[in-house]
Each structure stands twice: as C-alpha cells, then as structure tokens.
Amino acid sequence: MKKYILIVALAFSLNGFSQLTVPPNGGNKKAWVGEKIGITDVTIHYDRPAVKGREDKIFGQLVPYGFNDLGFGTSKAAPWRAGANENTNIEFSTDVKINGKDLPAGKYGFFVATDPNNCTLIFSKNSTSWGSYFYDEKEDALRVTAAPVENERSTEWLTYAFTEQMPNSAVIILTWEKYRLPFKVEVDLEKTQMESIVRELRSEKGFNSKALNQAAQYTLDHHMHLDKGLTWANESISGPFGEVNFTNASTKAGILEKMGKQAEADATMKSALPAATMLELHNYARRLIAAKKAKEALEIFQMNYNKNPNVYTTNIGLARGYSALGDYKKALDYAKKGLAQAPDELNKNNVAQLISQLQQGKDIN
C-alpha cells in the first residue's frame, strides 16, 4: 500500500510540476520602472522587445498601425500591447490626470493604437490578460491621444522613462527604435497630500505631538488650509498627546500671523520663549530680521545673550542684531568676539567676511 501511494505521488509530481524560472521567450526582457510624483507612486511593468536588425520595419509592420485582428483570442480590433508578451501594466497609487484627462487610482493594462501622427493611449481596467489578444474596449478606463516623435538614433530595447519631472507632474516616454511616445502624468498635489495627512493622523501617528506639528507646519509652509493647520497646531500643544515647546508654538504663531491674527501670534511666541534653546532663539531672531522687525530681533538676541553669555552663537547674534539697526560699531565688536570663538575654519572664514562688510559700513543680514 505504501509503495502504491509513493508511485501515485511521484506520478502527480512529474505531471503537475511547477515550471522553473527561465528568461522570457523570444529573447525579450522583463522590466519595471517607477517614480513618485508628489506622493503618488507610479509603476510600470513591461516586457522589452529588441529591434534585432529590423530597423524601419517596426512601426507600421511588426507593430501594425491602429486596431487589428491578431488571428488569435477574442479581440477582432486589438491595439498594440505597448511591449511584448504579457500586458504592459501601469499603476497609480492616487488619482491622476493623463494628458489632462482624469484617471482614478488603480492598476491598468496599457495599450497603444499606433499612428504616424496621433496615437491612441488606452488604459484598460483589465490588467491580467496576455497581450492584447483579449482586448475589449468596454473595459477601457480612459483613452487619450499623444503625438509620436521620431528619433534620429535607434533605441534597441523598448524603454519607459520618466522625464521633465516637476513637483506635481512628469512626462513618461515610451521609446523604441526611432519612435518616441510621450504622455504627461499630473497629480493634484495639494489634494493628495492633505488627504494623506488626514488619513495618517487617524492612525497611531495622530497620537504624537511631533506628527501633529508636522501636519500644521505643512499648511503653514504651503499657505493652505490654515484653519485645519491651526487645529493641528493646538492639538500638538494642548491636546491629550500635546507638549508645550518652542517648535510647536512657533508653528502656531506662524499660522496665526498668516491668518492676520498678529496679536495672538506675538502672545504665542512670547509665552514660548522661556523654553527655547539657544539655537531656536537665534533662528527666531533671524526670522524677525527677515520680516523687517529689527528692533524685536535685537531684543531676542539680547535675551539669548543673557541666557548664554559670551559664546559664539550669541556674540554673532548680537552682531547681526546691531547691524540690522545700523549700529555697525557695536556689531563689529561682537563679530570680533565671535571670530575668536569660531568652532571651525568654515565658520571662521564666514565671520571674517561679516567683519569685512561691517568695516565697510554694510549690513551683514
């Protein structure tokens, strides 16, 4: 009985074996390429055919123009599979625009109906079929047009690449032989980023003061959704998981200032100053100088000096503070003290340049 079971098991193993891993047939190469556009993941998986000496015989011949009956499968009007072997797949982690037209987040089979002047790009909801033999236009999620560009030099292996990258867009180019087909992918960065922040703050990250402040700081840096940013800033300070520190208070004050609530912003910063570190006070005073508030900046530099007397950072701070008010003599005195305390050659050279400017009667800010 045991011998019989062994023979049956062996027969099943031989007849139902899993195939070994080997290169794709036809000498094609499997490839994938991806990139983030904003916070959106864009990934393309494709098989790369080669020209193999068939220059000037690819498009219009090996890849026939338009929609065709390939002689196999259910489709009688199939586009090119935009690669070789299996479907070319393109996946977007958020909603995007393709050449200006909306496409929801998802994974799509990618096809191209080629044309010498104006190609049709097809994003199909069916991403699992083999090639385009079973293509069905009813499964189209989006069709857009794109103009092909002729290359002077031939590209041997079909390639997808991201170019012309911007914070909210990139151009994807399909290149093969002397043929280049570009299409633009755009994301609504503000919308996707805010949706991501709201989603992440509903996870364990929302129980952390630093994450709440980071969310508030994003709205401040991009001057958008300030009401929501203020809510997050308040939670980062006084919420159940909040903490009072200079960083959080500075973010809140910045939002209040952009909302036109200057008195509240000033009161928020004033209450946070005692907890600020030497470097935080120094940087805050420099921001005040940049905002043309030289008198207030000098007060902060002096406060910092009183807390941390006669050290490199506070001496240079007073040099900047007095310089901002046009008192170059006092500024020069503190700059010279800072020069003797410079922690390294780079800082020493920088202070030497500041001293030179003050000696010429020039503001160093």
Side-chain angles (χ1 to χ4, degrees), residues 36-41 93-96 165-169 186-301 303-304 307 313 317 320-321 324 365:
K36 275 188 179 292
I37 302 176
I39 62 169
T40 301
D41 292 322
S93 64
T94 73
D95 298 347
V96 298
Q165 291 91 339
M166 300 293 288
N168 68 329
S169 68
E186 297 175 274
V187 300
D188 186 337
L189 184 53
E190 177 180 327
K191 178 176 178 287
T192 57
Q193 181 62 78
M194 289 302 295
E195 287 176 350
S196 175
I197 289 173
V198 170
R199 183 171 58 253
E200 289 189 86
L201 288 181
R202 294 179 67 178
S203 71
E204 75 282 356
K205 296 176 183 178
F207 299 85
N208 185 287
S209 174
K210 290 183 175 62
L212 289 163
N213 180 68
Q214 184 183 8
Q217 185 67 45
Y218 184 87
T219 69
L220 173 60
D221 291 343
H222 295 83
H223 201 168
M224 64 183 195
H225 302 288
L226 294 177
D227 287 338
K228 188 168 288 187
L230 183 59
T231 297
W232 288 330
N234 284 326
E235 289 179 4
S236 76
I237 295 169
S238 55
F241 304 94
E243 57 180 287
V244 179
N245 58 48
F246 183 82
T247 300
N248 295 1
S250 182
T251 301
K252 178 180 177 178
I255 293 173
L256 288 168
E257 186 172 354
K258 282 196 174 181
M259 295 174 75
K261 301 178 180 181
Q262 192 61 55
E264 290 182 54
D266 292 341
T268 298
M269 288 305 301
K270 186 176 181 180
S271 66
L273 291 177
T277 66
M278 179 176 66
L279 191 58
E280 286 173 337
L281 287 172
H282 181 83
N283 290 336
Y284 174 51
R286 292 200 64 180
R287 293 203 302 272
L288 289 173
I289 290 176
K292 308 300 182 184
K293 298 179 180 180
K295 182 180 178 182
E296 294 90 334
L298 180 59
E299 291 176 358
I300 300 301
F301 281 131
M303 175 192 297
N304 204 14
K307 291 178 66 175
T313 298
R320 290 191 178 278
N365 297 290

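Note that the coordinates shown come from a computational prediction; the quantities given were computed from them, not determined experimentally.
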Tell me, yes or no, whether the heavy-atom count around M166 atom CE, taken from other residues, nucleotides or ligands under 6.0 Å, exceeds 12.
no
Can you confirm whether K36 is buried at NZ, in the sense that more than 12 heavy atoms of other residues, nucleotides or ligands lie under 6.0 Å from that atom?
yes
Apply the test side chain to side chain contact (heavy atoms under 4.5 Å, CB included) to residues L281 and K307: give CA-CA distance (whole Å), side-chain angles for both, the deciding distance (0.1 Å), then the verdict.
CA-CA 10 Å; L281 287 172; K307 291 178 66 175; 4.1 Å; yes
Taking atom NZ of K270 as the centre, report whether more than 12 heavy atoms of other residues, nucleotides or ligands fall under 6.0 Å from it.
no
To the nearest 0.5 Å, tell me how far E235 CD sits from L201 CG.
8.0 Å
Within the side chain of N168, is there an N or O that forms a donor-acceptor pair under 3.5 Å with the backbone of D188?
no
Looking at R287 and S250, what are the two nearest heavy atoms and their distance?
NH2-OG, 2.9 Å
State, to 0.1 Å, how close M303 and L273 come at their nearest heavy-atom pair, and which atoms those are.
CE-CD1, 3.9 Å
Would you check if there is a donor-acceptor pair between the side chains of N248 and S209 at a distance under 3.5 Å?
yes
Would you say D266 and E296 make side-chain contact, with heavy atoms under 4.5 Å?
no
Ignoring hydrogens and geometry, is there a side-chain-to-backbone donor-acceptor pair from S238 to N234 under 3.5 Å?
yes
Checking Y284 against F246 for the side chain to side chain contact (heavy atoms under 4.5 Å, CB included) test, could you report, in this order, the C-alpha distance in whole Å, the side-chain angles of both residues, the deciding distance, and whether it holds?
CA-CA 10 Å; Y284 174 51; F246 183 82; 3.7 Å; yes
Given H222 and E190, is the side chain to side chain contact (heavy atoms under 4.5 Å, CB included) satisfied, shown in steps?
CA-CA 9 Å; H222 295 83; E190 177 180 327; over 6 Å; no
Nearest 0.5 angstrom please: M259 CE to E264 CD, how far?
8.5 Å
What is the minimum heavy-atom distance between A249 and T268, and which atoms define it?
O-CG2, 3.5 Å
Taking S236 for its side chain and A233 for its backbone only, find out whether a donor-acceptor pair lies under 3.5 Å.
yes
Begin with the C-alpha distance, continue with both residues' side-chain angles, and end with the deciding distance and a verdict on side chain to side chain contact (heavy atoms under 4.5 Å, CB included) for M194 and M224.
CA-CA 10 Å; M194 289 302 295; M224 64 183 195; 3.8 Å; yes
A265 to E257 - nearest heavy-atom pair and separation:
CB-N, 3.9 Å
Quick one: pull up CD in E243 and CG in L212 and give me the separation to the nearest 0.5 Å.
10.5 Å
Return the NZ to CG distance between K252 and L256, rounded to the nearest 0.5 Å.
6.0 Å
Distance alone, cut at 3.5 Å: any donor-acceptor contact between the side chains of D221 and Q217?
yes
So, R199 and E195, do they make that salt bridge, N to O below 4.0 Å?
no
Distance from T251 atom OG1 to Q214 atom CD, nearest 0.5 Å?
10.5 Å
Near K205 NZ, under 6.0 Å, is it more than 12 heavy atoms from other residues, nucleotides or ligands?
no
Nearest heavy-atom approach of T40 to V187 is OG1-CG1, 3.5 Å
For T219 and L226 the tightest heavy-atom approach is O-CD2, 3.6 Å
Rounded to the nearest 0.5 angstrom, the CD-CG distance for E200 and N208 is 12.0 Å
